[in-house]
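Remember, it's 1-based here, ligands and their atoms both numbered in the order they're listed. These numbers come from a predicted model, not from an experiment. Reckoned from all heavy atoms, side chains included, excluding hydrogens, waters and symmetry mates.
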Amino acid sequence: MLDSLPQHPPITPLLDRIESPADLRRLSPEQLPVLAEELRHWLLYTVGQTGGHFGAGLGVVELTLALHYCLDTPTDHLIWDVGHQCYPHKILTGRKARMLTMRQQHGLAPFPKRDESPWDVFGTGHSSTSISAALGLALAARLQGESRRSVAVIGDGAMTAGMAFEALNHAAHTGADLLVILNDNDMSISRNEGGLATYLANKLRNRLSGDTTAALFESLAFNYTGPVDGHDLPHLLQTLTQVLQQPGPQFLHVITCKGKGYAPAEADPVGFHAITKMEPQQNTPSLKRQKFCNVFGEWLVSRAATDPRLCAITPAMREGSDLIAFSEQYPDRYFDVAIAEQHALTLAAGLAAGGMQPVVAIYSTFLQRGYDQLIHDLAIQQLDLVLAIDRAGLVGEDGATHAGCFDIAFLRCLPDVQILTPSSHTELTRMLDYAHQTPGIVAVRYPRGSEAKDLPDLNQPPALPAAHLLRQGGEHLLLNFGPLLDQAWQVAERLNLSLVDMRSVKPLDTGLLTGLVKQHRLIVTLEDHAIQGGAGSAVGEWLHAEGFSNPLLTLGIPDVWIDHASREQQLQSCGLDSQSIEASIHRWIRDHS
Ligand SMILES: Cc1ncc(C[n+]2csc(CCOP(=O)(O)OP(=O)(O)O)c2C)c(N)n1
Ligand SMILES: CC(=O)[C@@H](O)[C@H](O)COP(=O)(O)O
Ligand SMILES: [Mg+2]
């Protein structure tokens, strides 16, 4: 057991011999515990250097070894749910040295990624997809007469999502040769919530050898084995060998410890779900500036004191959305629904229909899961909702699966739904107040991280949803939507542009825009969102509908998937840093003068 992270590469003679799982299979079972120790040390060293998901990988070191030992991967298919626990898998499948590039631009991806390795059979990042995918792969093999095994490893947190049970339900009906492994560590990011979590936890406490846990999964026509200790390699190997010989849907219940082998992570699995890069001689993450999510958390606590109808809902992201203080001060009005985004939105609809004022705090990327619920259960019924969309725009190291680039596009086509884009922390508070006081659905989308350090000193803006004219310039007009205002300001100063902080995508402040469009030639829009369907598109539609013929330059995220990198690098690769913005506008002016 280690209690500090290695600062130097550990000596790993056995692991150094493993270039692929074929090398692993040449070892004797007795060598595997030593290899597990080396693997864990390498993991601790490299994640300490790069930052990234931490506790989940440590918890599946033995399980990963046992699976690659017993299966014939990549011919056999192994799917990791969410994929945040796949670091040991990456180390054993030829990517040991590249672990030091994890989550960096052009480096290893944070989750399994199909174009990175033949062992990454299915890309993940969002949870609870593994059973469906593994079943599809099993059925594809059966239909093509191929003999491959198909295995899904899913955590107890991911198992709470409806989609996992939809897949279990269907798997039973197909009778496919499929192994589902429940990696039960009694944790989601926070403590796992809900009836299933209690059910699994009770089985553990009572050590009932799975008698009653079996009932749940056997009622879905799975053959249940377990629970087994996921850190006892000999027992794990023996059990896996037996289970893999059985035909039809198999369910193996494995008990593991999140953060296994690193004392601080075992003691605080929430804090060590993911870590930032460790500075030398430092074993705790560095102090951080206040972030947009903290501003949201503070706003919620303060308004809940005066509005007893205010309720907060999170789909398993209490820490990330900064609902910790609210959950402690208002436990009756706090609902962590587990990984259940669809339920989160319809629960909000029910609360609103019942006279409460729900606030759903949700990452933009996970809101994608609850789209029909937003339309059918909330918007059509004209119910009240404050939709606090966190991690909107590019999120950096988590990459394309977690980028929140599409919410404006999929929200602005919904009648009556308002969309606000704060450019600063103060603006976020103003917009949340507006959303709280306005009937219907008001979405406020804010980015991962903090407001810009160099924001201009702004006058008091007009009442929302009006836009804020910040600068009267020359011939051309720049319209900013959201957190890139510092870049917009710098470019406006350098090119003498008029600048408006638009604040609202829907409704657009067409009164202000009409006057300004008549006074200017080129209209430039700037947003941290996909160009297609984004705020610039909304401006373009309005210009066209009004018969304005001004040229429009829309700057935002281009029509490609943006891989993991720092947020700054991602912005730069999209042409959204101030120099690139200036160059784009300059180029347009040069080409059209
Ligand atoms: C659809 C979706 N919602 C939320 C998340 C955020 N998320 C990532 S890991 C995680 C907890 C998963 O718990 P579990 O499956 O038990 O894995 P563990 O971390 O315990 O190994 C959550 C909520 C996600 N990736 N996908
Ligand atoms: C794997 C996953 O979905 C989460 O752990 C996610 O990486 C958290 O993102 P934040 O760090 O932005 O909260
Ligand atoms: Mg778990």
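Taking the Mg ion (ligand 3) as reference, Asp156 places its N/O/S atom OD1 nearest.
Taking only nitrogen or oxygen atoms, main chain and side chain alike, His84 does not reach within less than 3.5 Å of ligand 2. Polar contact with ligand 1: present for Met187 (N/O pair, distance under 3.5 Å).
Summary of contacts: the protein heavy atom closest to atom 25 (N) of ligand 1 is Gly125 O, 2.9 Å. Atom 6 (C) of ligand 2 has as its closest protein heavy atom Asp398 OD2, 3.3 Å. Here the heavy atom of the protein found nearest to atom 13 (O) of ligand 2 is Tyr363 OH, 2.6 Å. At the top of the distance list for atom 15 (O) of ligand 1, counting protein heavy atoms only, stands Ala158 N, 2.9 Å. Scanning the protein for heavy atoms near atom 14 (P) of ligand 1, the closest one is Gly157 N, 3.5 Å. The protein atom (non-hydrogen) at minimum distance from atom 13 (O) of ligand 1 is Ser188 CA, 3.5 Å. Ranking the protein heavy atoms by distance from atom 3 (O) of ligand 2 puts His402 NE2, 2.6 Å first. Ranking the protein heavy atoms by distance from atom 10 (P) of ligand 2 puts Arg391 NH2, 3.5 Å first. Here the heavy atom of the protein found nearest to atom 10 (C) of ligand 1 is Ile189 CG1, 3.5 Å. Among protein heavy atoms, atom 5 (C) of ligand 1 sits closest to Phe366 CZ, 3.2 Å.
Evaluated for a ring pair (Phe, Tyr, Trp, His ring centres under 6.0 Å) with Phe217, the options Tyr199, Phe251, Phe222 yield exactly one hit, Phe251.
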For this session: Would you check, one step at a time, whether the test ring pair (Phe, Tyr, Trp, His ring centres under 6.0 Å) holds for Phe292 with His425?
Result: CA-CA 6 Å; Phe292 278 92; His425 291 173; 4.7 Å; yes
Problem set entry | Tyr45 vs Met99, side-chain contact (heavy atoms from CB on, under 4.5 Å): CA-CA, chis, key distance, verdict | CA-CA 10 Å; Tyr45 166 64; Met99 286 300 290; over 6 Å; no
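Here is the list of ligand 1 atoms found below 4.0 Å of a heavy atom in Gly155: 14 (P), 15 (O), 16 (O). Shown in contact with Arg448 at under 4.0 Å from a heavy atom are these atoms of ligand 2, numbered in order with element: 10 (P), 11 (O), 12 (O). Atoms of ligand 2 lying under 4.0 Å from at least one heavy atom of Phe111, given by number and element, are 1 (C). Listed by number with element, the atoms of ligand 1 under 4.0 Å from a non-hydrogen atom of Ser127 are 1 (C), 2 (C), 24 (C), 25 (N), 26 (N). Contact atoms of ligand 2 toward His53: 1 (C), 2 (C), 4 (C), 5 (O), 6 (C), 7 (O) (distance under 4.0 Å to a heavy atom of the residue). The ligand atoms of ligand 2 that sit less than 4.0 angstrom from a heavy atom of Val82 are 1 (C). Heavy-atom contacts of Glu341 reach the following atoms of ligand 1: 1 (C), 2 (C), 3 (N), 4 (C) (cutoff under 4.0 Å). Heavy-atom proximity to Ala316, at under 4.0 Å, picks out these atoms of ligand 1: 23 (C). Remark: ligand 2 atoms within the under-4.0 Å shell around heavy atoms of Phe366 are 3 (O).
By the 30° and 60° cut-offs, the orientation of the rings of His53 relative to Tyr87 is perpendicular.
Taking each heavy atom of Leu58 and Tyr262 in turn, the nearest pair found is CD1-CB, 3.9 Å. Cys405 and Leu394 make their closest contact through SG-CD2, 4.1 Å (heavy atoms, listed as atom of the first residue, atom of the second, distance). Counting all heavy atoms, side chain and backbone alike, Met163 lies closest to Ser132 at CE-OG, 3.8 Å. Here the closest heavy-atom approach between residue His231 and residue Thr256 is recorded as NE2-CA, 3.5 Å. What you find for Cys293 and Asp322 is that their closest heavy atoms are O-CB, 3.5 Å.
Residue Ser188: no N/O/S atom is found under 2.8 Å from the Mg ion (ligand 3). In summary, Asn185 places an N/O/S atom under 2.8 Å from the Mg ion (ligand 3), meeting the contact criterion.
Ligand 1 is approached by Met317 to a heavy-atom distance shorter than 4.0 Å. For His273, the closest heavy-atom approach to ligand 2 falls below 4.0 Å.
For Arg445 and Asp407, the salt-bridge test passes: some basic side-chain N is under 4.0 Å from an acidic carboxylate O. Using a cut-off of 4.0 Å between Lys/Arg side-chain N and Asp/Glu carboxylate O, Lys90 and Glu116 are scored as salt-bridged.
Side-chain polar atoms of His77 and Ser150 form no donor-acceptor pair below 3.5 angstrom. Donor-acceptor pairing under 3.5 Å is recorded for the side chains of Asp184 and His253. Remark: the His564 side chain and the His402 side chain contain no N/O donor-acceptor pair separated by less than 3.5 Å.
Looking only at side-chain heavy atoms (C-beta outward), Pro558 and Cys574 come within less than 4.5 Å of each other.
Under 4.0 angstrom from ligand 1, the non-hydrogen atoms of Ile339 all belong to its side chain. By the criterion of a heavy-atom distance under 4.0 Å, the side chain of Asn185, and not its backbone, is placed next to ligand 1. Under 4.0 angstrom from ligand 2, there are no non-hydrogen atoms of Glu319. By the criterion of a heavy-atom distance under 4.0 Å, neither the backbone nor the side chain of Val395 is placed next to ligand 2.
Which of His273, His84, Arg369, His53 comes nearest to atom 17 (O) of ligand 1 through a heavy atom is settled by distance: it is His84.
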Scan the side chains in residues 100-108 for donor-acceptor partners under 3.5 Å anywhere in the protein, sequence neighbours excluded, and list what turns up.
{"unit_1": "Thr101", "atom_1": "OG1", "unit_2": "Arg98", "atom_2": "O", "d": "2.6"}
{"unit_1": "Thr101", "atom_1": "OG1", "unit_2": "Leu108", "atom_2": "N", "d": "3.1"}
{"unit_1": "Arg103", "atom_1": "NH1", "unit_2": "Asp398", "atom_2": "OD1", "d": "2.9"}
{"unit_1": "Gln104", "atom_1": "NE2", "unit_2": "Leu100", "atom_2": "O", "d": "3.1"}
{"unit_1": "Gln105", "atom_1": "OE1", "unit_2": "Gln569", "atom_2": "NE2", "d": "3.3"}

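Between Tyr334 and Tyr330, the gap from one ring centroid to the other reaches at least 6.0 Å.
A donor-acceptor pair under 3.5 Å links the side-chain atoms of Thr124 to the main chain of Trp80, judged by distance alone.
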